[in-house]
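Given the structure is predicted, the values throughout are model-derived calculations rather than measurements.
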Amino acid sequence: MKIDSEFGRSRGRSDFDLAMQIALFFLCLATSALALPWSASHLSVASYNDQTLAVFETPQGLNYSLSPFNTTGQIRPVGRYPVVRVANGTWHLIYVYNRSVNILRATEPDGPWNLVFGTGALDEEVALTPYSSGKWGAVWKNAMGVLTVGFSTNDGLSWSTGSYSYGRPNSSLASAYTNFTHPSMAAGGQYGCILALSINDTQVLSQIYDGVVLLNVSGSGRPQVVSSSDTVAFLTGSGDLYISRDRGGNWSAPIKLEPGFLITDREGEWLVVTNSSIHRSTDDGLTWNEESTSLSRAEQVHGSTDQLFVLSNGTVSRLVLSLNVTAPLVLDSSLVMAGTLIVASQLEVRGDLILMENSTLNLTQFMTTVEVLGNFTAAGRLLIPTEGDGTIVLIKFNSSTGNFTEISGAECSTVQLAQSSLSVTYGACTKSPVPLWLIIVIVTVTTVAVTAGVVLFVCFRSKIAPYHDRTHYVFDKKEPNVQ
């Protein structure tokens, strides 16, 4: 297979050219090329089945966008620190504004949203989580600055509140009542709901109902707790990851990663996303693989194991880790692929299509030309259809940069990455009736046999010559006896 490119062939590039290309790629990735058309100061994301809802705080209020994120709408004209969660198809949203906390409920991600709870609170960060069938928990600071919890046992239709009895009376961490930041909640613990807090230079994980401390670790920053089934993961602000496989009863030794953002949406699969890499585990945290990326100055990262939403410098970006296009799809924003993109139907990207260096573009089920209205950045691995006739235009775009590091597909085909299109030309292969490997074996064996015969003849010629060289024969010249 061959590849032709107006930007240079994929093989034989100098180290300098490759380094420059990588540098330009990461520079492109760090700019607005991957940005969604959303400006925000805070962001929250929740997914259920094939639906993903992103809620973000803007100067105009709380806005939202629902996959495939072609449009945006408004939930409330005002609101700060939104947190959206979903369980069994019921969506909940908590936020604060003007010294009050409000909880909304909806049965569809695009609403309508109904106010189910509201009370006085400080305009600071809040937390929310489902933790059992029909049960929800929430945390905020009340109007006096005291840590307050809310509970619902009827799937969020009604809520009750109470002050949080954190720790024991002689606990030196009693200041948690008022002096806490970065609350994070998840299912776990003996009573079903656990809470992570940052208190001065201490990271604390405790049960909600009785205040029993499950973990108490020195350090600052944003702690995070996430659970999946009976596994609970606690990531400290310094990047130490603790894992419990019995809902918080026992904990592993800390796994040294980096400060980042902890994400899971599948049982056994976890992500820790940092500014420089994605740490991934597919065996419930037993082993971790690191994948390089570039998320410089990431302030918040939310999402799933398939896609990430990154808030940086007031702009929300979407980083797709896995996408399988099996039905016609139109994206109004740029698409950045850090994993595998399988295109088996019509795809139109009304922005840039950026492939990261570890990505795979799978076009083996190609149906129709992919339309990219912006720039196309080629990188990683390309899989083309194994069969075809003539020249097929795989992707059309406005301009392109980069090149693929590996191409797999049909033999006797040529892939061309031009200024405005990616195409493949299929040619006829002249195939021998005898497999090439068999020809090589026959030629090798014949050559060895002939060589061995010649060597044997030369070495043993002196011994066999008397019997085969006529000059060594002496005829009897005795005259015949004539009577």
Nearest 0.5 Å, please: how far is [atom2] in [Y] from [atom1] in [X]?
X	Y	atom1	atom2	value
Asn398	Ser400	CG	OG	10.0 Å
Ser399	Asn375	OG	CG	4.0 Å
Ser67	Gln51	OG	CD	6.5 Å
Gln365	Thr326	CD	OG1	9.5 Å
Ile395	Ser421	CD1	OG	9.5 Å
Leu122	Thr148	CG	OG1	9.0 Å

Residues Ile75, Tyr95; criterion side chain to side chain contact (heavy atoms under 4.5 Å, CB included); working and verdict: CA-CA 11 Å; Ile75 297 176; Tyr95 66 93; over 6 Å; no
Minimum heavy-atom distance between Trp91 and Ala46, given as atom pair plus value: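 Answer, listing the atom of Trp91 first, then Ala46: CZ3-O, 3.7 Å.
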Residue pair Trp270 / Gly285: nearest heavy atoms and the distance that separates them: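 Minimum heavy-atom contact is CD1-N, 4.0 Å.
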Please tell me if the side chains of [X] and [Y] come closer than 4.5 Å, counting only heavy atoms from C-beta onward.
X	Y	value
Leu53	Val86	no
Thr72	Phe56	yes
Thr377	Leu355	no
Arg76	Leu104	yes
Ile263	Val226	no
Leu382	Leu422	yes
Leu321	Thr305	no
Val310	Val273	no

Other residues, nucleotides, ligands: >12 heavy atoms within 6.0 Å of Phe397 CZ: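 Result for CZ/Phe397: enclosed.
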Would you say the side chains of [X] and [Y] form a donor-acceptor pair under 3.5 Å?
X	Y	answer
Asp201	Ser220	no
Ser277	Glu290	yes
Ser41	Glu57	yes
Ser228	Thr231	no
Asn154	Ser152	yes
Thr364	Asn362	yes

Option among Asp283, Asp284, Asp230 that satisfies the salt bridge (charged side-chain N to carboxylate O under 4.0 Å, His left out) test with Arg245: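 Considering Asp283, Asp284, Asp230, a salt bridge (charged side-chain N to carboxylate O under 4.0 Å, His left out) with Arg245 is found only for Asp284.
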Partners passing side chain to side chain donor-acceptor pair (under 3.5 Å) against Ser229 (at least two apart in sequence or in another chain):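 Side chain to side chain donor-acceptor pair (under 3.5 Å) check on Ser229 returns nothing, list empty.
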Chi angles and distances behind the side chain to side chain contact (heavy atoms under 4.5 Å, CB included) call for Val126, Arg80: CA-CA 10 Å; Val126 293; Arg80 298 198 64 195; over 6 Å; no
Charged N-O contact under 4.0 Å between Glu371 and Arg350: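 The answer is no: the pair does not qualify as a salt bridge.
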Aromatic plane relationship, Trp140 with Phe117 - under 30° parallel, 30 to 60° tilted, over 60° perpendicular: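 Ring orientation of Phe117 relative to Trp140: tilted.
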Whether Tyr242 and Phe234 hold their rings parallel, tilted or perpendicular, with breakpoints at 30° and 60°: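 The arrangement is tilted - the two ring planes meet at 30° to 60°.
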Intermediate values then yes/no, side chain to side chain contact (heavy atoms under 4.5 Å, CB included), Thr129 and Cys193: CA-CA 8 Å; Thr129 189; Cys193 191; 3.9 Å; yes
Identified side-chain hydrogen bond (donor to acceptor under 3.5 Å, both in side chains) counterpart of Trp136 within the set Asp155, Thr90, Thr153: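 That would be Asp155.
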Ring centroid separation Phe309 to His302 under 6.0 Å: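 Ring centres of His302 and Phe309 not closer than 6.0 Å.
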Worked check of side chain to side chain contact (heavy atoms under 4.5 Å, CB included) between Leu235 and Val272: CA-CA 9 Å; Leu235 181 67; Val272 175; 4.0 Å; yes
Pair listing, side-chain hydrogen bond (donor to acceptor under 3.5 Å, both in side chains) test, anchored in residues 110-126, at least two apart: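 Qualifying pairs: Glu124-Lys141, Glu125-His182, Glu125-Arg222.
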